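The structure follows.
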Amino acid sequence: MNKILVANRGEIALRIMRSAKEMGIRTLAVYSEADRNMPFVRYADEAVCIGPALSAQSYLRGDHIIEVAKKYGADAIHPGYGFLSENADFSKAVTDAGLTFIGPSHYSINMMGSKIAAKQAAQQFDVPMVPGTDKPILDLEEAREIAERVGFPILIKASAGGGGKGMRTVNAMDELEEQMRMAKSEALSAFGNDDVFIEKFVASPKHIEIQVLGDQHGNYVYLFERECSIQRRHQKLIEEAPSSCLTPGIREAMGRCAVDVARACKYYGAGTIEFLVDDDLNFYFLEMNTRLQVEHCVTEYITGVDLVKEQIRVARGEKLSFSQDDLKINGHSIELRVCAEDPMENFVPDTGSLDVYIRPQGPGVRVDDGYEQGLEIPIFYDPMIAKLVVWGQTRDEAIARLCRAVDEYKIKGIKTTLQFGKWAVQQPAFREGKFDTKFIEKYFKPEYLTVSNSDYNAIASAFATQIWENGRNELKQPVNAGISNWKLNRKN
Ligand code: MV4
């Protein structure tokens, strides 16, 4: 493999290119007109503009991207996450064009893309699943029988859905007919397939996922779990590894199940098996994500494995160079997604430019970002501008480091989730590991992030003192444009 085309943008494009570079592989960036000035475009050995800002006219044009790869002599394509990463037809088209797809086969993506097929595959290995069905519901009568058997509340899920898309809760029999109709028509318009299945609704579960790696020779390992419960509207905000609630026994049981699911779909490359975990630590297989995930960095921190390099080695046909016994959990890692969103206004995406952008540094801090000071955040793509990832010997050290790094991070020009993240990890429920997917709903109120009046008084008096001390000299702005630490020295 001599040259990889990275079919993605922003932080993940850079992330992939860095590993490629360390392996002596050249990189080819493809970018939209909105991304001309982005760091990933400059970082690549070569870059080609592939169309207008709209993803459908640039990053989603699989055939065009394959043409670019051939024209510029790339022999492999890495899709990153999102965009074409879980498109089975794209995986096949890349392979059919004689190129290497750095990701799973068309076969695995197809099977795991159908939640029903995924459950049937997992069933063969006795992987625990939520009570319900693993076949499409054919008629209302059948739906009634299943609801009767598992008991309300139930969830109707679209087989082609996933990540929270195409789910409906049903609380009682008299809602079933209406909800079945809605679920099917929604699934048809969203995914072009109206297969639905039913599961018992697990209230307030934890969301824990297992990272797996497989090669093309049938070898598999699991790289432990990521706790991803801190999310809103199915958008994760904080992830950590390891989970503070699993025991070594349950970790191993989940790991083995995850490997079984991967084996069931002949998976190779990096993949993630999602589980729901209830209060009694029962775990249930939900679905598999057949891509490198946003939050892969916490796994890299605790295992020392570079997941992108492993993806590349597996795609080249190499065998995994380590076994399960070689893998140990070292320390603790937490990731905060720094999104251009306003936590004060229900996390609506915020637009603007990064007037000030200064990264935190120091021991145990990794910032994977795709922007730099002065750049605009385009409205066309995901609002995530960076991932602040920390490592500590212990969970407490990781939490303290995350808070310290948030304090060092200086962003002006757009609102972000930074202060929200610092607030979240300091909550007693988070510190004690007693939280689930309802954490934000249950504990967060926007006013927790506001600067109190007494803080304003402190700021005013500090300013007055500084002006007085400076005498007739103009108040000089420091390089970090006036964001000094005392402003951030708030209670939460
Ligand atoms: C569930 C569930 C409760 N019971 N299934 C949402 C994402 C998709 N992967 C599956 N999801 C859920 N499935 C049963 N039977 C609750 C969720 C769920 C959820 C899961 C993981 C992370 C966050 C979530 C938020 C709301 C609901």
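Keep in mind that the numbers below use all heavy atoms, side chains included, and drop hydrogens, waters and symmetry copies. Just so we're clear, the structure is a prediction, and the values are computed from it rather than from any experiment.
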Subject >> Partner set under ring pair (Phe, Tyr, Trp, His ring centres under 6.0 Å) for F191, not counting sequence neighbours >> reply: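 Ring pair (Phe, Tyr, Trp, His ring centres under 6.0 Å) list for F191, sorted by chain: empty.
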**OP:** Mind checking salt bridge (Lys or Arg N to Asp or Glu O under 4.0 Å) for D368 and listing every partner two or more places apart, or none if nothing turns up?
**Re:**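 Testing D368 for salt bridge (Lys or Arg N to Asp or Glu O under 4.0 Å), a comparison that skips the adjacent residues, returns R366.
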Original post:
Who pairs with N289 by side chain to side chain donor-acceptor pair (under 3.5 Å), at least two apart in sequence or on another chain?
Top reply: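 Listed in chain order: E274, Q293.
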Original post:
Of all residues at least two apart in sequence or in a different chain, which pass the side-chain contact (heavy atoms from CB on, under 4.5 Å) check with R256?
Top reply: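 Checked R256 against side-chain contact (heavy atoms from CB on, under 4.5 Å); matches are E252.
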**OP:** Using the ring pair (Phe, Tyr, Trp, His ring centres under 6.0 Å) rule, collect all pairs that involve residues 210-249, keeping only residues at least two apart or in two chains.
**Re:**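 Every ring pair (Phe, Tyr, Trp, His ring centres under 6.0 Å) pair that includes a residue of residues 210-249, provided the two are not neighbours, is Y222-F224.
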Original post:
Who are the ring pair (Phe, Tyr, Trp, His ring centres under 6.0 Å) partners of Y31, not counting sequence neighbours?
Top reply: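 Result, ring pair (Phe, Tyr, Trp, His ring centres under 6.0 Å) vs Y31: none returned.
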**OP:** Identify, with sequence neighbours excluded, every residue that meets ring pair (Phe, Tyr, Trp, His ring centres under 6.0 Å) alongside F197.
**Re:**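 With neighbours one apart ignored, the set is empty.
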Subject >> Pairwise side chain to side chain donor-acceptor pair (under 3.5 Å) hits with a residue in residues 185-195, at least two apart >> reply: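 Side chain to side chain donor-acceptor pair (under 3.5 Å) check on residues 185-195 returns R168-E186.
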Side-chain polar contacts of residues 309-323 - donor-acceptor pairs under 3.5 angstrom, sequence neighbours left out - could you list them?
residue	atom	partner	partner atom	Å
K309	NZ	E22	OE1	2.6
E310	OE2	R313	NH1	2.7
Q311	OE1	H78	NE2	2.7
R316	NE	E318	OE2	2.8
R316	NH2	E318	OE2	3.0
S323	OG	D326	OD2	3.3

**OP:** Return the set of residues passing ring pair (Phe, Tyr, Trp, His ring centres under 6.0 Å) with Y443 (not counting sequence neighbours), or none when no residue passes.
**Re:**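 Listed in chain order: F439.
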Original post:
Which residues pass the side-chain contact (heavy atoms from CB on, under 4.5 Å) test with D174, sequence neighbours left out?
Top reply: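 Scan of D174 (side-chain contact (heavy atoms from CB on, under 4.5 Å), adjacent residues dropped) gives A172.
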Original post:
Quick one: ring pair (Phe, Tyr, Trp, His ring centres under 6.0 Å) pairs with a partner in residues 237-275, sequence neighbours left out?
Top reply: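 Listed by first then second residue: F275-F283.
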